[in-house]
J.: 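Okay, handing you the structure first.
In listed order, ligands and their atoms are each counted from 1.
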Amino acid sequence: MTIYTSEKIKELLKVYFIMGSNNSSLAPDYVLEEALKGGITVFQFREKGSDALEGEAKFQLAKRMQKLCNHYNVPFLVNDDIELAIALDADGVHIGQEDENAIKVREWIGNKVLGVSAHSIEEIKLAMEAGADYIGIGPIYATSTKKDAKEVQGTSLIEKVKQLNLRIPIVGIGGITIDNAYPVIKAGADGVAIISEISMADNPYEQTKRLKKVVTDQE
Ligand code: 3NM
């Protein structure tokens, strides 16, 4: 359904970095470039919150970040804002349950990557039927980055997906750090999606490298 095979999507999910302008005290372009040099495998532009950029400023930041991703040959996804994703011809979008309906989004974006956040087996099956390329499951651990995050669920839903043999790539999200990423992969996730562990790091390059080592050493 997408430009990428399921195997390729699994590769992309390994070190999935997400960020917007308010996730770091450092310049977002700088943080992203360091993370790209450190080896992130996919990037999601997520400009959210009361102090988020809007309009032209948001568009320009997204455009700069997309250019950086292109330079490092890393796919660029957009959170929630489908119009922005289409205007930029992004590689894909990520939506939550409270965003636009997944079936409509799939029709709208054609063969771009579609990621959907889900919190139960039922939501996962519906997302799969709608043509999702991967599922985001979280919050695995406590996070202060997403204010309206659901209850912490550990790795139980990831394990359930594996037990049921649902064939869809999975990324864990929420509170994931270098120290606790291993159990997420061990439970069966194809990768980890991270904001603050990289965006708030003093040295995002080194931090990304360390995180990548944890994820890829477990294979
Ligand atoms: N979605 P950090 S948790 C964007 O549970 C997001 O679906 C979540 O940030 C979910 O890595 C989350 O700093 C925040 O915890 C992830």
J.: Tell me, yes or no, whether the heavy-atom count around Lys48 atom NZ, taken from other residues, nucleotides or ligands under 6.0 Å, exceeds 12.
T.: yes
J.: Lys162: what forms a salt bridge (charged side-chain N to carboxylate O under 4.0 Å, His left out) with it, not counting sequence neighbours?
T.: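 Expected list: none.
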J.: What residues, two or more places apart in sequence or in another chain, satisfy side chain to side chain donor-acceptor pair (under 3.5 Å) together with Asp51?
T.: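 Listed in chain order: Asn22.
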J.: Report all N/O contacts between ligand 1 and the protein shorter than 3.5 Å as a table of atom names and distances to 0.1 Å; if there are none, say 'none'.
T.:
residue: ligand 1; atom: 5 (O); partner: Gly138; partner atom: O; Å: 3.4
residue: ligand 1; atom: 5 (O); partner: Pro139; partner atom: N; Å: 2.9
residue: ligand 1; atom: 11 (O); partner: Ile195; partner atom: N; Å: 2.9
residue: ligand 1; atom: 13 (O); partner: Thr145; partner atom: OG1; Å: 2.5
residue: ligand 1; atom: 13 (O); partner: Ser196; partner atom: N; Å: 2.9
residue: ligand 1; atom: 13 (O); partner: Ser196; partner atom: OG; Å: 2.6
residue: ligand 1; atom: 15 (O); partner: Thr143; partner atom: OG1; Å: 2.6
residue: ligand 1; atom: 15 (O); partner: Gly175; partner atom: N; Å: 2.7

J.: Donor-acceptor check, side chain of Thr41 to backbone of Val15, threshold 3.5 angstrom: yes or no?
T.: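 At least one qualifying donor-acceptor pair exists.
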J.: Under the 3.5 angstrom rule, does the side chain of Tyr134 hit a backbone N or O of Leu13 as a donor-acceptor pair?
T.: no
J.: Please list, chain by chain and in numerical order, all residues satisfying salt bridge (charged side-chain N to carboxylate O under 4.0 Å, His left out) with Glu34, sequence neighbours excluded.
T.: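 Here the qualifying residues are Lys37.
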